[in-house]
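Can you read through this structure? Questions will come right after.
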Amino acid sequence: MPKSKKIRIIFFIYWFLLVYIIAALVWWFIALSRQNEQMLLFKMQEIKKNEPNYLAKYARIESEKRRKTAQYIGEGSIFFLLIVAGALFVYKAVKREFKLSQQQQNFMMAITHELKTPIAIAKLNLETLQLRKLDESKKERLISNTLQETNRLNTLCNNILISSQIENGGYMAAHEEINISTLAEDCTNDFKNRFPNRNIQSHVDRELFVNGDLLLLQIALNNLIDNAIKYSPKEKTIIIHAFKNSPDVIIHIKDEGPGISDEEKKKIFQKFYRIGNEATKSAKGTGLGLSLTKKIILTHKGRISIKDNTPNGSIFILELKEA
Ligand code: ADP
């Protein structure tokens, strides 16, 4: 059965059961009220008008009826509220589950593509190098293109592995003193070598130290620089700016891309989330990078946020405790 049909059936059963339960509750209330009314009539008939304390007995029966009605209304309202709260909880949980499964499906599609493309390109380049006699400049281009693709593959594998290891508590993050100035410069230089045609600038103050895990922080920085390159036009500048703002070390990754709306700023750190639909996305990706980056920064008890760059673009801001 197609998934969308299955979802429709599940939601139909859910709404049917909810309406049925609420109707049963209303019916229960009406039946009890009627029974209460009949009991009152029966008791009224029992007492005789000429009895000396007729009025007192009448008042007692009336007040008992009022008490019972109040009791039914109270119990009914509590049941009703519990049913609505339970239904809301189930509805939200199921919706979240469906959304996650949809995102996972997108992720699987994206990852299959992301894994296959670099392998196919690297294979083709190597085969060309093996089969043909090429001049030095062509050889150089093929090798650097192959390196770029294997780097992409390496980043993706790191993201997947570390993400799942952090999630199930399998990654023991180190807590050593790290020269984040050197790390930021190294990451920037690496991207400058990989993308010689891009204008990547670093304004990194010297001797900035934080405590943490070198591999994790390197992954976080690489993901942010990679995104800045991926999501901004080729002719635009990317700036990596690191400075001290005691007791924190601040790192800015600025791009001059399309920017991110306030609505999307809240969502893009979710796992597998990507802006826009599959058809309109031009840059390839899996939606894993930022969720992992945020996890890494939180593991370091730091903060990550996004600001708008002027006149356009985004600034990703990392705040880490100075060592
Ligand atoms: P991926 O890049 O693999 O899609 P990420 O988790 O790194 O996954 O990013 C999630 C989404 O956030 C991206 O799909 C993109 O739409 C958006 N995004 C991330 N960085 C930027 C940026 N610098 N400028 C504009 N959009 C961005």
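Numbering of ligands and ligand atoms starts at 1, following listing order.
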Discussion item. Under 4.0 Å, heavy-atom basis, I'd like to know which part of L288 is in contact with ligand 1: side chain, backbone, both or neither.
Written reply: backbone
Item to complete: Decide whether a cation-pi geometry holds between R194 and F191; the criteria are a distance under 6.0 Å from NZ or CZ to the six-membered ring centre and an angle within 45° of the ring axis.
Response: yes
Practice prompt. Assess the pair F79 and F29: is the distance between their ring centroids shorter than 6.0 Å?
Written response: no
Worksheet item: Which ligand 1 atoms are under 4.0 Å away from a heavy-atom of I268?
Response: 12 (O)
Worksheet item: Have Q201 and T237 got a donor and an acceptor in their side chains that come within less than 3.5 Å?
Response: no
Worksheet entry | Sub-4.0 Å heavy-atom contact, G287 with ligand 1 | yes
Discussion item. Any nitrogen or oxygen of G285, side chain or backbone, less than 3.5 Å from one on ligand 1?
Written reply: no
Discussion item. Could you measure the distance from the CG atom of N211 to the CG atom of L320? Nearest 0.5 Å is fine.
Written reply: 10.5 Å
Fill in: Any N/O pair S291/ligand 1 closer than 3.5 Å
no
Response to the item:
Ranking I253, I229, L156, N227 by closest non-hydrogen atom to atom 19 (C) of ligand 1, top hit is N227
Worksheet item: Would you call E62-K65 a salt bridge at under 4.0 Å N-O?
Response: no
Item to complete: Would you mind running through ligand 1 and noting each atom that sits below 4.0 Å from a heavy atom of K230?
Response: 1 (P), 2 (O), 3 (O)
Discussion item. Going by the closest heavy atom to atom 16 (O) of ligand 1, which one wins out of I111, I275, N309?
Written reply: I275
Side chains of residues 252-261: which donor-acceptor pairs under 3.5 Å do they make with residues two or more places apart or in other chains?
| unit_1 | atom_1 | unit_2 | atom_2 | d |
| --- | --- | --- | --- | --- |
| D255 | OD1 | G257 | N | 2.9 |
| D255 | OD1 | S314 | N | 3.2 |
| S261 | OG | E264 | N | 3.2 |

Worksheet entry | Between R141 and T146: side-chain donor-acceptor atoms closer than 3.5 Å | no
Worksheet entry | Between E207 and S181, a side-chain donor and acceptor under 3.5 Å | no
Fill in: Partner residues of S101 under the side chain to side chain donor-acceptor pair (under 3.5 Å) criterion, sequence neighbours left out
K3
Item to complete: For N223 and ligand 1, answer yes if some heavy atom of the residue is under 4.0 Å from a ligand atom, otherwise no.
Response: no
Discussion item. Distance under 4.0 Å to a non-hydrogen atom of Y273: what atoms of ligand 1 satisfy this?
Written reply: 10 (C), 11 (C)
Discussion item. Using a 4.0 Å cutoff against the non-hydrogen atoms of T286, which atoms of ligand 1 qualify?
Written reply: 1 (P), 3 (O), 4 (O)
Worksheet entry | Within-shell test, E264 vs ligand 1, heavy atom, strictly < 4.0 Å | no
Practice prompt. May I ask whether F269 places a heavy atom under 4.0 Å from ligand 1?
Written response: no
